[in-house]
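Read the numbers this way: they start at 1 and go in the same order the structure lists the ligands and their atoms.
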Amino acid sequence: MNFTHEKPFIAGNWKMFKTVPEAVEMVQKLHEASLGLEKAQFVVVPPFTALYEVSRALQGSPVQVGAQNMYWEEQGAFTGEVSAPMLKDIGCIYVVIGHSERRQYFGETNETVNNKIKAALNHGLVPIMCIGESLEERENGNTITKVQSQIIEGLKGLEAEKVRQIIIAYEPIWAIGTGLTATPDQAQEVHRFIRSNLAEKHGNDVASCAIILYGGSVKPENSYSLLKEKDINGALVGGASLKAESFAEIAKKAIKAYEEK
Ligand code: 13P
């Protein structure tokens, strides 16, 4: 297993930001910061173009690397796509699947998410499956129904032993890049539901050790109160992960929250 429930899991999704030199500079700083913050698990998720160099720069570092997407076939005539074995080949451990931006702009569905999760697991990558509701769905009282269908369809056909190897990230769409964060209570309510759904479908054992991340405008100012919540095990950070200082600060607050839980 590449991850543990014992530490807060802090992943930085860089989205479509950073050239290769910028990425390498950032992870060198982050590596140094991480050495004083061993009680957190750091993961960086750069764009494809920087993955190889970032992975090389982090060899021997506790900071791990993930990709932002992948295709489910191993190889073939799929112009523009990247496969799980290719990601493994360059040192990726994780892969983000079904981010709301991919669902919104690139036509991803629960079915494609399910295909990708299965392929990632078959090739030894840890999927970080993203789920979350839109503002309209929240206002109409459909948050739980939405999240439930994303979990059930995204994890369709997977045995408990496979589900155990997946990380789930709850990212309410209305909180992404908007500066609006779900309150700790709002986030905890959905995280609790996710864990209870995992327990019901895949057993208590899977549910109790599942890592469930929160994402959506996580910053140093709110990471402590979010991570204090019982069912929040870490954060998937966008904007605030682009600078080593703010990313490390988020981890510092998360460690404090975890120690006090
Ligand atoms: P922000 O932290 O910029 O809101 O992005 C969250 C996100 O989408 C992480 O995957």
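Using cut-offs of 30° and 60° on the angle between ring planes, the pair Y214 and H191 is tilted. Below 30°, between 30° and 60°, or above 60°: for F78 and Y71 the angle between ring planes is between 30° and 60°, a tilted geometry.
Not a single heavy atom of K219 sits closer than 4.0 Å to an atom of ligand 1. Residue-ligand proximity: G215 is placed with every non-hydrogen atom at 4.0 Å or more from ligand 1. Heavy-atom distances between A175 and ligand 1 reach below 4.0 Å in at least one pair. Within the 4.0 Å heavy-atom cutoff, G216 counts among the residues contacting ligand 1.
Within ligand 1, counting atoms from 1 as listed, the ones closer than 4.0 Å to a heavy atom of N13 are 9 (C), 10 (O). Near S217, meaning under 4.0 Å from any of its heavy atoms, are these atoms of ligand 1: 1 (P), 2 (O), 4 (O). Atoms of ligand 1 found under 4.0 Å from any heavy atom of L236, numbered from 1 in the order shown, are 9 (C), 10 (O).
In this structure, atom 7 (C) of ligand 1 lies nearest to the protein heavy atom E171 OE2, 3.2 Å. With respect to atom 2 (O) of ligand 1, the closest heavy atom belonging to the protein is G238 N, 2.9 Å. Summary of contacts: the protein heavy atom closest to atom 5 (O) of ligand 1 is K15 NZ, 3.3 Å. For atom 3 (O) of ligand 1, the nearest protein heavy atom (residue, atom name, distance) is G239 N, 2.9 Å.
Under a 4.0 Å N-O distance rule, the pair R164/E161 does not qualify as a salt bridge. The existence of a salt bridge linking K39 and E259 is confirmed by a sub-4.0 Å separation between a basic side-chain nitrogen and an acidic carboxylate oxygen. A salt bridge links E133 with R138: at least one charged nitrogen is closer than 4.0 Å to a carboxylate oxygen.
You'll find the side chain of I117 stays beyond 4.5 Å of the side chain of K162, heavy atoms only.
Sorted by first then second residue, the side chain to side chain donor-acceptor pair (under 3.5 Å) pairs that include residues 233-246, not counting sequence neighbours, are H5-N233, R195-N233, N233-Y258.
Remark: F17 CZ is loosely packed, at most 12 non-hydrogen atoms of other residues, nucleotides or ligands lying under 6.0 Å away.
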